[in-house]
Structures are given as C-alpha cells and as structure tokens.
Amino acid sequence: MTGNPFTGGNRVNVGGVSVSTDHYIDGRRVSSPQTFEDRSPLDWSVKLADISRGDDAVAAQAISAAADAFPEWAALGTVGRGEILHRLADLIDAHIEPLATVECLDMAMLHESLRLRVLSRGARNFRAYADLSVQHEERVWESNGTANRVIRMPAGPTVVITPWNAPFMLSTWKCAPALAAGNTVVLKPAEWSPLSCSLLADLSDTAGMPAGVFNVVQGIGSEVGAALVADRRVRRISFTGSPETARHIGRTAADNIVPFTAELGGKGPFIVFADSDLEAAARKAAGQYDDSGQVCLAGTRLLVEASVRSEFLRLFDEFTDEHVLGDSHDATTTISPLIHPTHFARVQGFVERARKNGDTILRGGAPSDLGGDDGLWYQPTLIQPKSNDSEIVQHEVFGPVLTFQTFTDEADAIRLANSTPYGLSAIVYTSSQARAERMGRAIRAGTIWTNCFLIRDLTAPFGGCGDSGIGREGGDYALDFYSDLKMFQVKEGTTT
Ligand code: NAD
C-alpha cells in the first residue's frame, strides 16, 4: 500500500503519527469549537491532544450523513461491500506500527501485544465479516408444500459506542458486521482513548468507503453519546461498556423501539480443581493481571479447591512475582498503568473499602511508586474476602485486583461461580473431561474456557448473561442482529 492515509483536518503529532482531532462525518473532517483533553496514562503530564467535543448538532449531522448514505450502501450488496471491507483490512495490516504507537500512548496497552496480536484482530474482523455476509446471505428450505426463504435486509443507520480498553479492536468487532450487513455506522469511541478510531476513519477513507457510510464522532458519553442513541433515525445500537451506561442507553432504545446489544462488565470465576495441572492453572491465574486487569473477560475471582490451597498460592505467588510493572513500550513490561486518574482512584477505593470491611489483603493492596505522585501503576493485588457478599467479590473492579476463595466440592464451586450478578465468562481448570462438561453446563456465563483462556473463533457467539449484557455478537449472531430478517413463503407450483 502506498501513500499516507493520515492527512486532512486539524491534526496533532502523537509519537510521530499524525492524528486528526476532528470528527469524521460524511467523508470529511468536521471540528467542534469545544474540545476535551486527551492525556497519556504513561505520563499524565503529557497532553496528547485537544479533541473536538461533539454536541447535539454534531450527532444530528452524523446521523443525517449515515441515513443519506444508507440506501446506496445497502444496495451495493454483500460482494461489493466485501471488496471495500477487504481493502480496509489490508490497510489496517499495512499500518499496524502507527496504530500501535498511537494506541500505546493513548491507553497504555502493551506495545508488543498491540503489534503482534490485538490490532491485526481488527483487520481479521473486517475480513471475516466481508466473507461471512456473502456466505450466509440467505437460508432456503421446504415444508408443507411451500418453499421457505429467509433473507437479511440491512437495518439502517447504526450507532456503535465503545469503551476505552482496546478501543480499536472493540470498535472493529462491532463496525465490521454492521457494515458488512449493509448498515451505515456512526462510531463514538470513549473519551479516554479517542485516537486510534480517528485513524480508522482515515483508513476507511483510503479504502474507498463511500462518504457517510462510516462516521466517527468524538465527545463525552452523556453529551454526544446520549444524543446519538436518542436520534429516531437510528435502527440499531451496539454498545460495549458498563452496566450503568447500558441502563441509560437501554431506556432510550426502548422508547424508540430500537434493537440494542450490550456487552458489559464481568466478574469471571477462575476455578481450580485439585485434579488439574496446578502449575498451568497458577500461571494462567497470575496472567489475569495482564493489561492491568482492564479486561472484561478476566477471571478475577480465584476459586480453588481447599485441599490444594497452599500449593496453589505458592505457585501463584511465584508467577505473580514475575510480573514487571513499567513503560508499555518496553518488551519486558507485563503490567501497564491504569487508563486515567479517575479510574485509578476507583480501583484504589475498592481496595480501601475491602480493607475497612475486614477482607484480608494477601498481596499488593497499594499503588506502585512508579511514575511518582502522578503515576498510574497499581500493584497486583490479591484479596481474601471476609464473606462472599463482600463488595470486592460482587463488583467488577477492572484493575489488577483478584479475589481468592476456596471451595469444598463441585456443588460448592458452582454455587460460588454463580453468586454474582454478572455472567460474562468463566475459566475452569480440571483434568476430568466429565467434570469440565458438568461445570460448563452449570455455570451461568456466555463463554466457558476449560484449561485455557481468551481463545475464540470469530464465528462463535459472544456475550454475557445477567448484568454482563444483552444479546450475542460474533459470526451469524452479529449478522442477525445488524439485519432485519425477512421471510418469503412461496406455494409450490407458483411459476409466473
Ligand atoms: P462506560 O460505560 O463508562 O463508557 C462506554 C462508552 O459509553 C464510552 O464511549 C462513553 O463515552 C459512552 N457513554 C457514557 N454514557 C453514555 C450515555 N449516556 N449515552 C451514550 N453513550 C454513553 O464504560 P467504560 O468505563 O468506558 O468501559 C469499561 C467497561 O466496559 C467495563 O465495565 C468493562 O467490563 C466493559 N467492557 C466490556 C466488554 C465486553 O465485551 N463485554 C469489553 C470491554 C469492556
């Protein structure tokens, strides 16, 4: 790929990469008079950019662009749309380095993991849905003397709202199926990490996406985010974030009778049976501190069979000691800073309240001194709660804080696993296939990993139960959500 896609509009230099601070609406850059500050968690004294702060008028402008572009994009068909989405995927792959540079400075995810793993998933999302939408365009069968045919109709303008952790990957996870299904999109990334989605807009432009098909609006959730979801022209809302925000958006979606999908928080159980490979289990458990625990799918409640408590804790300590807190650019770093001082205070607040509650801090329990007074690193922390009702067990912390509890038998493990309002994912370590099957069936969660973690096929359903969300994305499930299904029933013998 030749040429520099990162041009046009008001731009700032972020680690040598030119990033637009504007919205991207109807194929061009649009700025707002009001801005908000974006700083780097790696050094909070560094301001990266003043970003356009969208308002009601910007939201309406973006939805108008998406509504106007919709008929032509829908009519292009799966093959035509797929060609453009494949070009976008290729462009993402060709610009992994600048994307990694910007995402690392903006939200402090490890540079190495962005380069090698996370960003190329963004490209794969576009490729996968470009192909799936062609392969799964319709379903035909016969019954009762009639031919039945189901086709997918593009639904219309779609609002995609994403959180600050893994902003690029999570945005592509939603935008790819929405666009492949024939919808036009207005994406609002989180205000704490807005930059990489601005680069995605540049890449979509270079890929030849028609004006208005893909739009990016920057701003504060309660302002422009709320205005976007309230617009009655919107036909789908896809949200990833916290349950609190989902409740707000869900109320608006209900008022407008708009299908709404919500991928929300988690408090996943990490269950270790005595019959498991304890070393592998303890290593993976210590790995739940990766990305500073800012991972919705993390198994943050360690539930360990009582008979192996001491041995597990010894191994877990050994592996946790191997973690290196540091600059996310450094290949030896495994724990990066938390995203924002407000989030840092939130994580610290959870630990302080646990201490006051009488929960036992088994390790960590304090900020790291890295980065001085303004540093945002928090020590990997393990807390044994006084009771299963403790706040630290029942609420998502979204930081490097795990809880530790023991169980006596399978029934006890299932009781504890299912004892929070969440149900996003669960991890089970056991050498028994029969037990793995029983546990998997009994645990209330959207994804169960047995003796592994974070492995996922893009065609598999993804989502949560309870406070972890509404609906499923992934594969056909996402295409169904972003489409209106239409049924044709034709009586046999109808020839003209
Ligand atoms: P958040 O709910 O505060 O914000 C998410 C997005 O919603 C942001 O873009 C924000 O600007 C926007 N927003 C806020 N108020 C809004 C409103 N009234 N109307 C419209 N938009 C609004 O969440 P966060 O703190 O950015 O993200 C962390 C949360 O996301 C955690 O709970 C985490 O578990 C969850 N998460 C879930 C998944 C998943 O796939 N299940 C993945 C990543 C993160």
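Note that the coordinates shown come from a computational prediction; the quantities given were computed from them, not determined experimentally. Ligands are counted one by one from 1 in listed order, and the atoms in each one are counted from 1 as well.
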What atoms of ligand 1 come within less than 4.0 Å of a heavy atom belonging to Ala190?
8 (C), 9 (O)
Honestly, for Ile249 the part within reach of ligand 1 (heavy atoms, under 4.0 Å) is side chain
What is the closest protein heavy atom to atom 10 (C) of ligand 1, and at what distance does it sit?
Glu191 OE1, 3.6 Å
The option among Gly219, Ser193, Gly221 carrying the non-hydrogen atom nearest to atom 13 (N) of ligand 1 is Gly221
For Phe398, does the six-membered ring have the charged nitrogen or CZ of Arg346 within the cation-pi criterion, i.e. under 6.0 angstrom from the centroid and within 45° of the normal?
no
May I ask you to decide if the ring planes of Tyr429 and Phe270 are parallel, tilted or perpendicular, using 30° and 60° as cut-offs?
parallel
Ligand 1 versus Ile161, non-hydrogen atoms closer than 4.0 Å: side chain, backbone, both, neither?
side chain
Which residue holds the protein heavy atom closest to atom 43 (C) of ligand 1, what is that atom called, and what is the gap in Å?
Asn165 OD1, 3.3 Å
Tell me, which protein residue and heavy-atom name are nearest atom 26 (O) of ligand 1, and how many Å apart are they?
Trp164 CD1, 3.0 Å
Gln394 and Thr420 side chains, donor-acceptor separation under 3.5 Å
no
Examine Gly241 against ligand 1 and note whether any of their N/O atoms are separated by less than 3.5 Å.
yes
In terms of atom number and element, which parts of ligand 1 are under 4.0 angstrom from non-hydrogen atoms of Thr240?
5 (C), 36 (N), 37 (C), 38 (C), 39 (C), 40 (O), 42 (C), 43 (C), 44 (C)
Atom 42 (C) of ligand 1 [closest protein heavy-atom partner, distance rounded to 0.1 Å]
Cys296 SG, 3.0 Å
SB check Asp255 Arg232 (cutoff 4.0 Å):
no
Quick check on contacts: which atoms of ligand 1 are under 4.0 angstrom from a heavy atom of Leu170?
42 (C), 43 (C)
What residue and heavy atom of the protein are closest to atom 14 (C) of ligand 1, and at what distance?
Thr245 CG2, 3.4 Å
Nearest non-hydrogen protein atom, atom 8 (C) of ligand 1
Thr162 O, 3.4 Å
Does this structure show an ion pair linking Asp93 with Arg127, if we count only N-O contacts that are shorter than 4.0 Å?
yes
Atom 34 (O) of ligand 1: closest protein heavy atom, distance to 0.1 Å, is Glu396 OE2, 2.6 Å
Would you mind listing which atoms of ligand 1 come within a distance below 4.0 Å of any non-hydrogen atom of Lys188?
9 (O), 11 (O)
Looking only at non-hydrogen atoms, the one of Ala262, Ser242, Pro243 nearest atom 2 (O) of ligand 1 is Ser242
Donor-acceptor contact present, side-chain Ser32 to main-chain Ser52, <3.5 Å
no
Between the side chains of Arg247 and Asp467, is the shortest nitrogen-to-carboxylate-oxygen separation below 4.0 Å, so that they form an ion pair?
yes
Where ligand 1 meets Phe462 - atom numbers and elements under 4.0 angstrom, heavy-atom basis
40 (O)
Judged by non-hydrogen atoms, does Trp192 sit under 4.0 Å from ligand 1?
no
Working for side chain to side chain donor-acceptor pair (under 3.5 Å), residues Thr162 and Lys188:
CA-CA 7 Å; Thr162 48; Lys188 198 213 77 71; over 6 Å; no
Answer yes or no: does an N/O atom from Leu264 fall short of 3.5 Å to an N/O atom of ligand 1?
yes
Full working for salt bridge (Lys or Arg N to Asp or Glu O under 4.0 Å) between Asp202 and Arg11
CA-CA 12 Å; Asp202 290 327; Arg11 303 188 85 93; 2.6 Å; yes
Number the atoms of ligand 1 from 1 as they appear, then name those within less than 4.0 Å of a heavy atom of Leu424, with their elements.
41 (N)
Answer yes or no: is there an ion pair linking Lys47 with Asp50, defined by an N-O contact shorter than 4.0 Å?
yes
Is Arg355 reaching over with its side chain to a backbone N or O of Gly365, donor-acceptor style, under 3.5 angstrom?
yes
Counting only heavy atoms closer than 4.0 Å, does ligand 1 sit against the backbone of Leu297, its side chain, both, or neither?
neither
Establish, yes or no, whether the cationic atom of Arg28 lies under 6.0 Å from the six-membered ring centre of Tyr24 and within 45° of the ring axis.
no
Which residue and non-hydrogen atom of the protein lie closest to atom 20 (C) of ligand 1, and at what distance in Å?
Gly225 C, 3.3 Å
Taking only non-hydrogen atoms of Phe239 and a 4.0 Å limit, the atoms of ligand 1 in range are 2 (O), 5 (C), 6 (C), 7 (O)
Carboxylate-amine/guanidinium contact Lys267 Glu396, below 4.0 Å
no
Before accepting this row, confirm whether a basic side-chain N of the pair Arg152/Asp484 lies closer than 4.0 Å to the acidic partner's carboxylate O.
no
Pro189: heavy atom below 4.0 Å from ligand 1, yes or no?
yes
